[in-house]
Amino acid sequence: MRERNAMLRDRIPNSGRSSLFGNAGPSREQVTAGSEELLEQDNDRHISDLQSKDATLKNLTIDINSEVREQNKFPDRMDTDFSGAEGLLKGTMNRLNEMVKAKGGRHMLYLMLFVVGVILFLYYMISR
């Protein structure tokens, strides 16, 4: 049977394709090796892209961390500033209370003149 198949193969004429192009096409092994190389290059490019994105995200998280630390310091500074302002206001209120308790009209006259002056100043600034 093998001999018959060999004889038939010899009798079947070759198509014009092989005579035109010869055996120029790559073999299956060459195609597989070439596609594996292309896939490997593609994977390497994707790995490189992921590494750059990873580095970018790492830098971004470091920047966010430093910004959060700075923002957390802000309320502490505000607390200190408000404590100082609270002390000043308490001192001013104590002096005003002493002035109100004192007998005499002179301090009330000064207080009224001050209030009228502030009102006139605000009216002048608003009307401009």
Side-chain angles (χ1 to χ4, degrees):
M1 180 91 159
R2 287 184 189 177
E3 292 174 14
R4 183 174 178 238
N5 286 339
M7 285 176 43
L8 286 175
R9 232 182 296 133
D10 292 338
R11 286 189 194 172
I12 298 174
N14 286 338
S15 66
R17 180 176 174 83
S18 65
S19 64
L20 286 175
F21 298 110
N23 207 3
S27 68
R28 181 175 290 255
E29 292 82 21
Q30 289 172 336
V31 169
T32 305
S35 63
E36 285 179 4
E37 184 178 329
L38 287 176
L39 288 173
E40 192 67 33
Q41 289 173 355
D42 196 35
N43 284 342
D44 290 343
R45 187 176 45 80
H46 286 301
I47 288 171
S48 175
D49 289 345
L50 285 174
Q51 286 173 339
S52 68
K53 287 178 183 180
D54 180 49
T56 303
L57 285 174
K58 182 179 179 182
N59 291 334
L60 183 64
T61 55
I62 289 171
D63 291 344
I64 289 172
N65 184 26
S66 62
E67 183 67 26
V68 166
R69 286 178 191 241
E70 281 296 315
Q71 293 295 327
N72 284 339
K73 291 178 185 176
F74 183 70
D76 293 336
R77 288 189 300 242
M78 282 185 60
D79 185 41
T80 304
D81 292 344
F82 281 128
S83 295
E86 181 183 11
L88 288 174
L89 286 175
K90 280 184 181 179
T92 304
M93 287 302 294
N94 287 338
R95 280 187 242 126
L96 282 175
N97 283 334
E98 287 177 18
M99 192 169 67
V100 169
K101 289 178 186 176
K103 301 286 183 192
R106 189 176 238 182
H107 68 279
M108 287 304 276
L109 176 66
Y110 291 145
L111 182 62
M112 291 303 288
L113 287 174
F114 177 73
V115 169
V116 169
V118 168
I119 291 173
L120 288 174
F121 177 74
L122 290 175
Y123 176 75
Y124 174 74
M125 293 301 289
I126 292 172
S127 65
R128 280 181 103 194

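Computation of the quantities below employed the complete heavy-atom set of this structure, encompassing side-chain atoms and omitting hydrogens, waters and symmetry-equivalent molecules. Throughout, residue positions are numbered sequentially from 1 according to the sequence presented.
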Stepwise side-chain contact (heavy atoms from CB on, under 4.5 Å) check, Leu38 with Gln41 = CA-CA 5 Å; Leu38 287 176; Gln41 289 173 355; 3.9 Å; yes
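Rounding to the nearest 0.5 angstrom, the gap separating the CG atom in Asp54 from the CD1 atom in Ile47 is 12.5 Å. Here the CD1-CG distance, from Ile64 to Leu60, works out to 4.0 Å after rounding to the nearest 0.5 Å. The NZ atom of Lys53 sits 11.0 Å away from the OG atom of Ser48 when rounded to the nearest 0.5 Å.
For residues 60-69, the side chain to side chain donor-acceptor pair (under 3.5 Å) pairs, not counting sequence neighbours, are Asn65-Arg69, Glu67-Gln71.
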Indicate every side-chain donor-acceptor pair of residues 76-93 with a distance under 3.5 Å to a residue at least two apart or in another chain.
unit_1	atom_1	unit_2	atom_2	d
Thr80	OG1	Asp76	O	3.1
Ser83	OG	Asp79	O	2.9
Thr92	OG1	Leu88	O	3.0

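Ile126 shares a hydrophobic cluster with no other residue; no ILVMFWY side chain has heavy atoms under 4.5 Å from its own. Alongside Val116, the hydrophobic cluster contains Leu120 (criterion: ILVMFWY side chains under 4.5 Å).
Under a 4.0 Å N-O distance rule, the pair Arg95/Glu98 does not qualify as a salt bridge.
Under the rule for a side-chain contact (heavy atoms from CB on, under 4.5 Å), the partners of Val115 that lie at least two apart in sequence or sit in another chain are Ile119. With sequence neighbours left out, the side chain to side chain donor-acceptor pair (under 3.5 Å) criterion links Arg45 to Asp42.
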